[in-house]
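Here's the structure we're looking at; comments come further down.
Lettering of chains follows the sequences in order, A, B, ..., and the numbering in each one begins at 1.
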2 protein chains.
Amino acid sequence: MRADARRNRDQVIAAATAVIAEEGPDASLNEIARRAGVGPGTLYRHFPTRRELIAAVFRERVETLCAGADRLAAASPPGEALTAWMRAMLKHVLTDRGLATAMMDIGPVAGFDCHALLRSTAGRLLTAAQAAGAVRPDLQVEELFQLITGIAHATPDLPHATRLLSLTLEGLHAPH
Amino acid sequence: MRADARRNRDQVIAAATAVIAEEGPDASLNEIARRAGVGPGTLYRHFPTRRELIAAVFRERVETLCAGADRLAAASPPGEALTAWMRAMLKHVLTDRGLATAMMDIGPVAGFDCHALLRSTAGRLLTAAQAAGAVRPDLQVEELFQLITGIAHATPDLPHATRLLSLTLEGLHAPH
DNA sequence: ACCTGAACACCGTTCAAGT
DNA sequence: ACCTGAACACCGTTCAAGT
């Protein structure tokens, strides 16, 4: 990869990170290119679809999040490890406005499968929590993602989101 | 209101209902005007903002949904009435793609406050269910809406949404 | 009063022309 | 190879001109 191409690519990712944080995942691609100081054609050359650009922006973030799961699993009993990781994921997902959907929707692109990495990480924690009897045995990983995604989307900030996650973990029915 | 104005207004609402059902709440307004057989200016004259158009489309639907609550409350114990109504609401919200947010976001427009009507209806059912001890006493109406909205957004169809609603009602933790 | 539709500023996307 | 930026088809929105 030529030096100027590499530099342009990095500048586009940096600009995209900033603009997406401000305007959400529907941010204007022309604006991102402008901010990065390149032509729109250059942006398209590096990232043929919006999905690939978003995946590049999230890559580091998702990898960090998933790497934290092993630490949690070693430090806490399985049930607590799972809920702590769900809270961490919720926080990451809420960092930028409305990125929840984008983050879960993008399929494998350019050798990085955001969704698969999240899925296998959550799957390990979930299986352990179920084996320990802390979580209902019929719960699926996808359902867990859908709930986090939904909460992140419906909620204005982290405190509200955290409250909804608690409600979901404990259930709406009165304790009996 | 002049006869041609009234007719144009109705045609715009009908076209909007159809187009929004197909393309979601971000559907092109020019396309809606075209389909209604009017100029874009006419659409704007009747509905200055997208919100007002969406409110008009939802009005009848929301009123029907809320009217059903009294029937439910008379026919079932409070806890069941609430969950039955939540399921009905989820179904209505899912009728068109991704309308959940739009439906909850629109404020009072033109003498019809979609959100307030839903809120007071759900509030009655919730209070009754809490008084009967069927639902946890700290649950807020807004939280209930956020959960339904979130589930509707994160979910592809009614069966999946219903399953997530069950999980939310019962909680993710294992029964002990 | 009410409607029309041309017009403006934007957006996503492409592609010929340059280096 | 890689980049540029003009160009195209769209969109939301406005407003002068018509009836």
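Across all strands shown, dC11(D) has no partner, as no Watson-Crick or G-U wobble contact with both distances under 3.5 Å is found. As the counterpart of dC3(D), no nucleotide is assigned, since no Watson-Crick or G-U wobble pattern has both distances under 3.5 Å. If you check dA17(D) for Watson-Crick or wobble pairing at under 3.5 angstrom, you find it has no partner at all.
In this structure, His160(A) places its NE2 atom where only 12 or fewer heavy-atom neighbours from other residues, nucleotides or ligands lie under 6.0 Å away.
Nucleic acid contact for Ala27(A): sugar-phosphate only, since backbone atoms but no base atoms lie under 4.0 Å from a heavy atom of the residue. If you check every strand for non-hydrogen atoms under 4.0 Å, Thr42(B) touches a base.
The nearest whole Å value for the distance from the CZ atom in Phe47(A) to the P atom in dC3(D) is 11 Å. Atom pair Asn30(A):CG and dA6(D):C1' shows a separation of 12 Å (rounding to whole Å applied). As rounded to whole Å, 11 Å separates atom P of dC11(D) from atom CD1 of Ile32(B). Straight-line distance from the CZ atom of Arg50(B) to the P atom of dT13(D): 7 Å, rounded to whole Å. With rounding to whole Å, Leu53(B) atom CG is found 14 Å from dT13(D) atom C1'. The distance between atom OH of Tyr44(B) and atom C1' of dT14(D), rounded to the nearest whole Å, is 9 Å. Between the P atom of dC10(C) and the CZ atom of Arg34(A) lies a distance of 11 Å, rounded to the nearest Å. His46(B) places its NE2 atom 9 Å from the P atom of dT4(C), with the value rounded to the nearest Å.
Checking dC3(D), dG12(D), dT13(C) against the side-chain heavy atoms of Asn8(A) singles out dC3(D) as nearest. Of the listed nucleotides (dG12(C), dT13(D), dG12(D)), dT13(D) has the atom at the smallest distance from the side chain of Pro40(B). Of all nucleotides listed (dG12(D), dC2(D), dG12(C)), dC2(D) comes nearest to the side chain of Asp4(A). For Leu29(B), taking side-chain heavy atoms from C-beta onward, the closest of the listed nucleotides dT4(C), dG12(D), dC3(D) is dG12(D). Nearest to the side chain of Val38(B), among dT14(C), dT4(C), dT13(D), sits dT4(C).
By the 4.0 Å N-to-carboxylate-O rule, Arg119(B) lies too far from Asp113(B) to be salt-bridged with it. Ion pairing between a basic and an acidic side chain is recognised when a charged N comes within 4.0 Å of a carboxylate O; Glu143(A) and Arg136(A) show no such pairing. Using a 4.0 Å cut-off between charged nitrogen and carboxylate oxygen, Arg163(B) and Asp138(A) count as a salt-bridge pair.
Here the closest non-hydrogen pair linking Val12(A) and Ile32(A) is O-CG2, 4.0 Å.
For the pair Gly41(B) and Glu31(A), both in contact range of DNA chain C, the more 5′-proximal nearest nucleotide belongs to Gly41(B). Nearer to the 5' terminus of DNA chain D, by closest-nucleotide assignment, is the contact made by Asp26(B) (compared with the other of Arg2(B) and Asp26(B)).
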